[in-house]
Enquirer: 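Got a structure here, written out as structure tokens. Questions coming.
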Amino acid sequence: MTLKQEVEKRRTFAVIAHPDAGKTTLTEKLLLFGGAIHIAGAVKSNKIKKSATSDFMEIERQRGISVSTSVMAFEYQNKKINILDTPGHEDFAEDTYRTLTAVDSVIIVIDGAKGVETQTRRLMEVCRMRNTPVIVFVNKLDREAKDPFDLLDEIESELTIKVIPLSWPIGAGSSFKGVYNRFETKLQLFRSVNKQQLTDDILEITDLDSPEAKKAIGESANEQLREDLELIETVYPEFQQQEYSAGKLAPVFFGSAVNNFGVRELLNCFIQIAPHPQKSPTDVREIDPFEPKLTGFVFKIHANLDPNHRNRIAFLKICSGVFERNKPYLHVASGKQMKFSSPNTFLADKKSVVDESFPGDIVGLYDAGNFKIGDTLTEGEILNFKGIPSFSPELFRYIENADPMKSKQLAKGIDQLTDEGVAQLFTLKINGRKIIGCVGMLQFDVIQYRLEHEYGAKCKYEPANLHKACWFKSDDKTQLDDFMMRKYNNIASDKYGRNVFLADSAYSLQMAKDKFDKIQFYFTSEF
Ligand code: G4P
């Protein structure tokens with residue numbers, strides 16, 4: 001196959017959701033329909049259970065297992081599908097945000113009873129930063145759910161995206177009768193099926209006027225469905241591929257993942273409309289996936305699979321060309337040539353060494369500590385991919401050395417853990433005190449635990465009453481200098497030496513914005 005055919009064959013995406021909406025279940029069902037697994041449970045068993053919310057030891061244990069579900073690849077209708085897994089636990093949201101920098105599209109799962117939730121909103125903001133194409137799956141229709149028109153309004157206004165229902169539910173909960181598939185113009189009747197295995201006993205009716213259709217869902221539901229469909233035709237626009245690809249229009253599907261219902265329709269539509277790997281911006285030029293030379297970037301690092309060796313797996317997203325085993329590539333950050341004797345790819349829940357990978361694929365590279373998030377590999381060209389920012393953390397603590405004999409180990413540990421993206425490190429300009437910024441509380445425990453167990457270092461935390469870290473810039477040097485001077489107590493450097501304003505409250509941030517109106521403040525490190 002040519003490189004062009006390989007690129008066009010690939011669909012790399014992530015399933016994202018507010019916890020509990022059904023992301024794991026849907027992912028599993030996609031694997032099941034894709035023939036990658038034959039019985040559900042493989043992904044589920046790797047999931048960090050809700051009961052473990054405060055048990056980071058459990059999370060440590062799971063971390064080892066979950067490397068195998070980081071990428072789930074399978075072939076379906078001559079397409080190579082790569083599903084990138086995202087952590088279910090809210091405290092690891094930043095991992096999810098970063099994974100979104102490596103996908104070409106997403107499927108957002110929404111609980112039909114709960115509608116759009118906090119995490120759905122946040123994840124959508126990240127998608128919007130890159131205009132990622134989005135398909136929405138409204139799940140749990142077998143339970144009482146909100147009115148579908150209300151749900152569509154909610155999605156449209158809360159996620160600020162136009163929607164178009166490509167399937168339509170007939171009832172919900174105890175009166176759920178099925179969905180009408182507008183994409184394939186078929187009526188599919190619901191039956192609660194064997195949840196673990198694939199069954200193909202879904203009744204399909206193509207003619208809504210047929211007595212069979214009326215009998216199957218009843219006269220009144222049939223009438224209601226026709227009215228709904230008429231309304232949809234007048235209210236919602238036609239599906240436009242271009243608008244979907246530009247991230248402006250989200251097709252919406254309804255179903256019940258646990259009952260395997262609506263999943264195949266979703267997958268079939270996804271295969272047809274989801275984009276193959278697209279161009280990626282760098283600081284020098286745009287990279288086209290069809291270029292013959294390899295480029296790629298690290299979007300995730302999975303550390304310490306064996307506590308005795310500090311080895312890690314860096315996940316490289318291939319953006320152009322062909323990745324070959326044992327071929328030397330330039331690691332742009334260090335200027336060194338690197339080659340990899342056992343790059344891994346992932347097939348469902350198995351990983352294996354591969355000789356060649358193509359744009360859209362993810363390869364796992366064994367790494368002894370050279371890589372950090374965002375690092376680029378090329379065949380010699382010096383460039384760095386854009387769109388892999390750090391996100392402003394919301395929880396802060398001073399970190400202090402609790403064992404003066406181990407200060408070197410502590411520095412090294414903090415350096416490597418922040419390279420991995422576990423947390424961010426800020427150093428206050430005024431006194432050099434170090435502050436760790438995280439997205440979730442649990443990460444503080446994870447850092448402390450890992451510093452001790454992997455680096456032999458001890459740390460302690462002290463509360464830091466801070467609200468947000470913002471990167472900033474301005475063309476007005478006088479105002480910038482004035483701001484830096486007045487706010488000097490709250491200015492820190494991030495790991496890469498960029499200035500950051502650590503606002504101690506939403507109020508003080510607003511005050512700073514009002515007073516220093518020529519300064520732009522940013523919640524991500526890339527602007
Ligand atoms: P998440 O990854 O988004 O956090 O959600 P997950 O798939 O784990 O699903 C959360 C819960 O919702 C699970 O129940 C799952 O079985 C249930 N669920 C998923 N899809 C549907 C659906 O279509 N209908 C209904 N009624 N429930 C659904 P749980 O009790 O937390 O776990 P389990 O013991 O059932 O595995």
Side-chain angles (χ1 to χ4, degrees), residues 16-20 48 50 53-54 56 59 86-101 116-130 158-159 300 373-374 388-400 414 417-429 433-450 459-472 487 489-496 498-513 519-527:
I16 53 177
H18 187 88
D20 249 11
I48 296 164
K50 271 153 274 162
T53 38
S54 57
F56 70 93
I59 287 171
T86 55
H89 202 292
E90 259 177 296
D91 279 12
F92 294 87
E94 190 163 0
D95 274 3
T96 305
Y97 301 159
R98 272 195 301 262
T99 298
L100 293 181
T101 65
V116 174
E117 296 173 84
T118 352
Q119 199 56 13
T120 336
R121 239 173 265 124
R122 285 200 188 155
L123 290 164
M124 186 63 200
E125 277 168 29
V126 180
C127 292
R128 201 170 302 108
M129 283 166 58
R130 304 175 67 246
E158 300 253 343
L159 301 184
K300 169 172 171 160
I373 304 276
I388 315 148
S390 303
F391 294 87
S392 175
E394 285 168 8
L395 302 165
F396 301 88
R397 282 185 187 173
Y398 289 107
I399 182 162
E400 309 282 355
I414 294 178
L417 293 182
T418 47
D419 273 356
E420 254 178 57
V422 178
Q424 290 182 59
L425 180 71
F426 303 104
T427 310
L428 278 180
K429 295 226 183 242
R433 279 191 87 181
K434 297 203 180 318
I435 295 175
I436 296 279
C438 289
V439 175
M441 271 319 241
L442 220 47
Q443 278 152 321
F444 290 113
D445 293 341
V446 170
I447 292 169
Q448 200 165 31
Y449 176 84
R450 290 188 57 191
C459 76
K460 58 177 191 252
Y461 295 117
E462 277 179 33
N465 252 341
L466 296 168
H467 163 69
K468 265 278 181 201
C470 315
W471 290 266
F472 58 91
K487 297 285 175 194
N489 288 350
N490 288 63
I491 307 279
S493 305
D494 73 2
K495 204 178 164 183
Y496 306 100
R498 294 172 295 214
N499 285 335
V500 176
F501 172 50
L502 300 175
D504 34 32
S505 65
Y507 177 74
S508 71
L509 178 58
Q510 192 53 50
M511 289 290 285
K513 281 183 179 168
I519 297 182
Q520 295 89 48
F521 294 90
Y522 301 93
F523 291 123
T524 69
S525 63
E526 224 175 60
F527 37 81

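Only heavy atoms go into these numbers, but all of them, side chains included; no hydrogens, no water, no symmetry mates.
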Enquirer: Which distance, rounded to the nearest 0.5 Å, do you find between the CZ of Arg397 and the CD of Gln443?
Expert: 11.5 Å
Enquirer: With a 4.5 Å limit on heavy-atom distance, are the side chains of Cys438 and Ile447 in contact?
Expert: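 Touching, per the 4.5 Å side-chain cut-off.
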Enquirer: Is any side-chain heavy atom of Glu158 closer than 4.5 Å to one of Arg121?
Expert: yes
Enquirer: Which heavy-atom pair separates Lys460 from Gln448 by the least distance, and what is that distance?
Expert: CA-NE2, 4.1 Å
Enquirer: Taking it one step at a time, do Val422 and Arg450 satisfy side-chain contact (heavy atoms from CB on, under 4.5 Å)?
Expert: CA-CA 11 Å; Val422 178; Arg450 290 188 57 191; 3.8 Å; yes
Enquirer: With the side chain counted from C-beta on, respond yes when Ser392 and Tyr522 share a heavy-atom pair under 4.5 Å apart, and no when they do not.
Expert: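 When only atoms from C-beta onward are counted, Tyr522 and Ser392 do not touch, as no gap falls below 4.5 Å.
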Enquirer: Return yes if some donor-acceptor pair links the side-chain N/O of Asn490 with the main-chain N/O of Leu502 below 3.5 Å, else return no.
Expert: yes
Enquirer: Can you tell if the side chain of Thr99 reaches within under 4.5 Å of the side chain of Ile16, non-hydrogen atoms only?
Expert: no
Enquirer: Taking all non-hydrogen atoms of both residues, which atom of Glu420 and which atom of Ile373 are closest, and how far apart?
Expert: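 For Glu420 versus Ile373, the nearest heavy atoms are O-CD1, 3.4 Å.
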Enquirer: For Phe396, which residues count as a ring-ring contact (aromatic ring centres under 6.0 Å, His included) partner, sequence neighbours excluded?
Expert: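 Here no residue qualifies.
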Enquirer: Looking at CD of Gln119 and OG1 of Thr96, how far apart are the two atoms once the value is rounded to the nearest 0.5 Å?
Expert: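 Answer rounded to 0.5 Å: 7.0 Å.
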Enquirer: Quick one, Phe501 and Ile519 - any side-chain contact, counting heavy atoms below 4.5 Å?
Expert: no
Enquirer: Considering non-hydrogen atoms only, spot the tightest contact between Pro393 and Gly437 and give its length.
Expert: CB-C, 3.5 Å
Enquirer: Could you state the interatomic distance from CZ (Arg433) to CD1 (Ile435), rounded to the nearest 0.5 Å?
Expert: 7.5 Å
Enquirer: With sequence neighbours excluded, what pairs up with Val126 under the side-chain contact (heavy atoms from CB on, under 4.5 Å) test?
Expert: Tyr97, Leu100, Phe391
Enquirer: Is it true that Glu394 and Lys468 make a salt bridge, defined as a side-chain N closer than 4.0 Å to a carboxylate O?
Expert: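 Answer for the salt bridge query: yes.
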Enquirer: Apply side-chain contact (heavy atoms from CB on, under 4.5 Å) to the pair Ile436 and Leu425, showing each step before the final yes or no.
Expert: CA-CA 5 Å; Ile436 296 279; Leu425 180 71; 4.0 Å; yes
Enquirer: Are the side chain of Arg122 and the backbone of His18 linked by a donor-acceptor contact shorter than 3.5 Å?
Expert: no
Enquirer: Just say parallel, tilted or perpendicular for the rings of Phe444 and Tyr461, cut-offs at 30° and 60°.
Expert: perpendicular
Enquirer: Check for a donor-acceptor pair, side chain of Arg98 on one end and backbone N or O of Lys300 on the other, with a separation under 3.5 Å.
Expert: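 No; zero donor-acceptor contacts below 3.5 Å.
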Enquirer: Side-chain contact test, heavy atoms from C-beta onward, threshold under 4.5 Å: evaluate it for Asn499 versus Lys429 and give yes or no.
Expert: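 Touching, per the 4.5 Å side-chain cut-off.
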Enquirer: Which heavy atom of Ile414 sits nearest to which heavy atom of Thr418, and what is that distance?
Expert: O-OG1, 2.6 Å
Enquirer: Do any N or O atoms from the side chain of Gln424 and from the backbone of Lys495 form a donor-acceptor pair under 3.5 angstrom?
Expert: no
Enquirer: Please test Ser493 against Phe426 for side-chain contact (heavy atoms from CB on, under 4.5 Å), starting from the C-alpha separation and ending with a verdict.
Expert: CA-CA 5 Å; Ser493 305; Phe426 303 104; over 6 Å; no
Enquirer: Tell me whether Tyr496 at atom OH has more than 12 heavy atoms from other residues, nucleotides or ligands lying less than 6.0 Å away.
Expert: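 Yes, OH of Tyr496 has more than 12 neighbouring heavy atoms, counting only those of other groups under 6.0 Å.
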Enquirer: Kindly give the heavy-atom pair with the smallest separation between Tyr398 and Pro463, and that separation in Å.
Expert: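 Residues Tyr398 and Pro463, closest heavy atoms: CD1-O, 3.4 Å.
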Enquirer: Do Thr427 and Lys434 come close enough that some side-chain heavy atom pair is under 4.5 Å?
Expert: yes
Enquirer: Measure across Phe523 and Ala469 and return the closest heavy-atom pair with its distance rounded to 0.1 Å.
Expert: CD2-O, 4.3 Å
Enquirer: Check whether any side-chain heavy atom of Ile491 sits under 4.5 Å from a side-chain heavy atom of Val500, and report yes or no.
Expert: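 No, their side chains stay 4.5 Å or more apart.
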